Amino acid sequence: MRIKRILLVFMATVLVLPSFLTVSPNKGIAAEDPSGEYATKDEVVYGTLSATGEKQEIYIVNILDVVKAGTIVDEGTYSNLKNLTDLSEMEQTGDTVEFTAPEGKFYYQGNKNDAQLPWNIKISYLLDGKEIAPEELAGKDGHVEINIHTSANESVDKAFVENYLLQISLNLEPEIFNNIKTQDGMVANAGKNKQVTFTVMPEQEGDLSIEADAVDFEMQGMEIAAVPQSMSIEAPDMDEMTGEMKSLTDAIKEISDGTGQLNNGVSELNNGVAGLRDGSGQFKQGISDINGASNGLINASVSIDEGLAKMSNSLGESLGEMDLTDLKELPEGLSQLADGLHQTADGLTKLNENYTKAYSALDEAMMAIPDHEITPDEIEELKKSDANKEVVDQLVETYTAARKAKGTYAEVNEAFVAVEPTLTKVSGSVTEMANTVDGMSTEIASSLEGMDIKASLAELQSGLETMSANYKDFHGGLVSYTDGVAQLSHSYKDVHSGIVELSGGTGELESGVDELDNGTDTLYESTKDMPEEMQKEVDQMIAEYDKSDFNAVSFVSGEKEKINSVQFVISTESIEKEEQESTEEEVEEEKGFWERLMDLFK
């Protein structure tokens, strides 16, 4: 039996020994020069977190590019070491690790549970709007919200936070999750699952969230990768964009200049309309005064008419029995009548002069209103443009009021034109009548001596009778004239109201266009430097996110020169339901060759 056991041990040694001989810990090491050298080193930092983000374990896989085989001394302090390349021993001495390595890639793992990750990661869960612990969430149904917050860990070298971007991935099984929503991440298909990926830029905090409806909640652990943003960002060709922006600012400048010209034009229009309003007010007052004096003029004319008729009748009735001694007073009475008629004529002449001045000012102001006709389509097109809507509405309102005022003026202008010749004719007629009466007075005065008074009186009575008959026609014309003046005075109130309304509209328009002019000037001042500012902003953004000049630093030591790259691979624990204990009897597996061989030594 003993011989059999020795034979079996020998056979096992023969079978196992070659496998150890294939990996020589001193492969390629020259006996005369035991020290080795490596060119570069990569570090992959692995971290595990709880489902809420608390650190659980950290270990680093170091990858050295050994260019000279021999004894390698690497910086780093670890709680546990594991050679991942061969079976050679590794020794921790202070803050260094010493081992023997062949040429090529050499891998070893060091646990560093006392270290901190460069980022603080906090994860919280809500079920139907209420916060819940992840272990209590397993197996639940309802609307789930997962919130992830990342921030800088101030106790770790800030070079990682300043130059690394985080990528956080969640794999969600469609049998469990549906109606997946997120504003911050990207949802994509990953095999049968849905993968939600978030990216947090360097130097930024992350406030990330995802919502979904869950049935029998379970979730694989989140995967968090952190790599340096080492890609170079090329500056985009801004010439076309800045050129277009320059065209825009030039167009804004033209608009600003145009609104300035418009402002000047509207100001002149408003001043002209203000003059029109003042002239219209004077004309309205003049017409009102004429209309007010019409009653007195009519009453005076009636008195003259009645006086002539009475004088003619009285003279005819008493011609045979009248006391001719009183006839000497007749020239004086006729002279007074002539003076009254002259005063009336002078008043009409003065009235005509004032009316002519007022009408001339009104006509000049009305003719100054432009006769342009703007179609409804042009107005609608203007409203649809980029012009200020309030100012456009004021322009349209002012244009409509101006057209209305000018139209009304055109309708009543014939009455305005007829006033001046009528006043001239009436004034001339009154003057002629005064001259006639004055002549009669002179002739009567010179003829009273040595004349046949009765015959002369008969002739006078006949002349007075004729004059009285003619004066009735004159009085009828005078009444028609005063009626026309009254109608004109009444109608002109509407014209003047329209002019006043037009003046108010142009005043508001001037204020609006002035505000528009100031606004376009401000807009131009705000945008004229926009192309240069845009280029400056783009350059600043590129400088902020371009990390291509970043030189990697070691996570476990202060080494910089030989560090090629440092990456972080972090995962959270999965949220799973507790497994039910199986009551089935375990089936004993059939032992293989090695198990049966080892049983011989028990």
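Because the structure is predicted, anything quoted here is derived from the model rather than measured.
Contact annotation: the side chain of L172 approaches that of I180 to within less than 4.5 Å [non-hydrogen atoms, C-beta and beyond]. Counting only heavy atoms from C-beta outward, the side chains of V97 and L81 approach each other to under 4.5 Å. You'll find the side chain of P202 stays beyond 4.5 Å of the side chain of E162, heavy atoms only. For the pair Y46/I60, no side-chain contact is recorded, criterion being any heavy-atom separation below 4.5 Å from C-beta on. V566 is not listed as a side-chain neighbour of V553, based on a closest heavy-atom distance of 4.5 Å or more. L208 places a side-chain heavy atom less than 4.5 Å from the side chain of I168. At least one side-chain heavy atom of D184 sits under 4.5 Å from a side-chain heavy atom of S209. Counting heavy atoms from C-beta outward, V200 and Y164 have side chains that stay 4.5 Å or more apart.
Here the closest non-hydrogen pair linking L165 and M201 is CB-CA, 4.4 Å. Closest approach of M222 and Y125 over heavy atoms only: CE-OH, 4.1 Å. Nearest heavy atom pair, residue P174 against residue N193, reads CD-OD1, 3.6 Å. Of all heavy-atom pairs between A552 and S565, the closest is CB-CA, 4.2 Å. Between A101 and I72, the closest heavy-atom pair is CB-CG1, 4.0 Å.
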Should E103 and K68 be marked as a side chain to side chain contact (heavy atoms under 4.5 Å, CB included) after you check the CA-CA gap, both sets of side-chain angles, and the distance that decides it?
CA-CA 6 Å; E103 291 184 5; K68 180 182 178 183; 5.6 Å; no
message = Could you go through L49 and E57, starting from their C-alpha distance and side-chain angles, then the distance that decides it, and tell me whether this counts as side chain to side chain contact (heavy atoms under 4.5 Å, CB included)?
response = CA-CA 7 Å; L49 308 177; E57 182 182 15; over 6 Å; no
Exercise for review: Tell me, with the steps shown, if T96 and T93 meet side chain to side chain donor-acceptor pair (under 3.5 Å).
Suggested key: CA-CA 5 Å; T96 61; T93 305; 5.0 Å; no
Would D114 and S79 count as a side chain to side chain contact (heavy atoms under 4.5 Å, CB included) here? Give the steps. CA-CA 9 Å; D114 59 341; S79 59; over 6 Å; no
Go through H143 and E211 one step at a time and tell me if the side chain to side chain contact (heavy atoms under 4.5 Å, CB included) criterion holds.
CA-CA 7 Å; H143 185 75; E211 296 182 47; 2.7 Å; yes
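Taken to the nearest 0.5 Å, the CD1 atom of I132 stands 5.0 Å off from the CG atom of L127. Atom CZ of F217 and atom CD of E576 lie 11.0 Å apart (nearest 0.5 Å). To the nearest 0.5 Å, atom CD of residue Q220 and atom OG of residue S169 are 11.5 Å apart. Between M219 atom CE and I575 atom CD1 the span is 4.5 Å, to the nearest 0.5 Å. Rounded to the nearest 0.5 angstrom, T100 OG1 and D86 CG are separated by 9.0 Å. The distance from atom CD of Q567 to atom CD1 of I63, rounded to the nearest 0.5 Å, is 8.0 Å.
Partner of F198 under the side chain to side chain contact (heavy atoms under 4.5 Å, CB included) criterion, out of T150, I210, L166: I210 alone. For the pairing with Y38, the side chain to side chain contact (heavy atoms under 4.5 Å, CB included) check across L64, V73, V67 returns one residue only, L64.
Of the possible donor and acceptor atoms, none in the side chain of K55 sits under 3.5 Å from a partner among the backbone N and O of T48. A donor-acceptor contact shorter than 3.5 Å links the side chain of S574 to the backbone of G221. T40 places no side-chain N or O within donor-acceptor distance of the main-chain N or O of I563, the cut-off being under 3.5 Å. Between the D213 side chain and the N179 main chain, no donor and acceptor come within less than 3.5 Å of each other. A donor-acceptor contact shorter than 3.5 Å is absent between the side chain of N189 and the backbone of K194. The backbone N or O of T77 sits less than 3.5 Å from a side-chain atom of K112, completing a donor-acceptor pair. At least one donor-acceptor pair closer than 3.5 Å links the side chain of K140 to the backbone N or O of E136. Under the 3.5 Å distance criterion, the side-chain polar atoms of N153 are left unmatched by any main-chain donor or acceptor of N120. With hydrogens and angles ignored, the 3.5 Å screen pairs no side-chain donor or acceptor of S557 with any backbone N or O of G76. Put simply, the side chain of N113 gets close to the backbone of I58: a donor and an acceptor are under 3.5 Å apart.
Remark: K41 does not engage D65 in a salt bridge, criterion side-chain N to carboxylate O under 4.0 Å. We find that D216 and K577 are joined by a salt bridge, their nearest charged nitrogen and carboxylate oxygen being less than 4.0 Å apart.
Classified by interplanar angle (parallel below 30°, tilted 30° to 60°, perpendicular above 60°), the ring pair F568/W119 is perpendicular. Relative ring orientation between Y108 and F106 is described as tilted, the plane-to-plane angle lying within the 30° to 60° band.
Side-chain contact of S88 with N83: a donor-acceptor pair under 3.5 Å is present, judged by distance alone. For the residue pair E43/S554, the side-chain donor-acceptor check at 3.5 Å is satisfied. Looking only at atom types and distance, the side chain of N111 has a donor-acceptor partner in the side chain of Q109 under 3.5 Å away.
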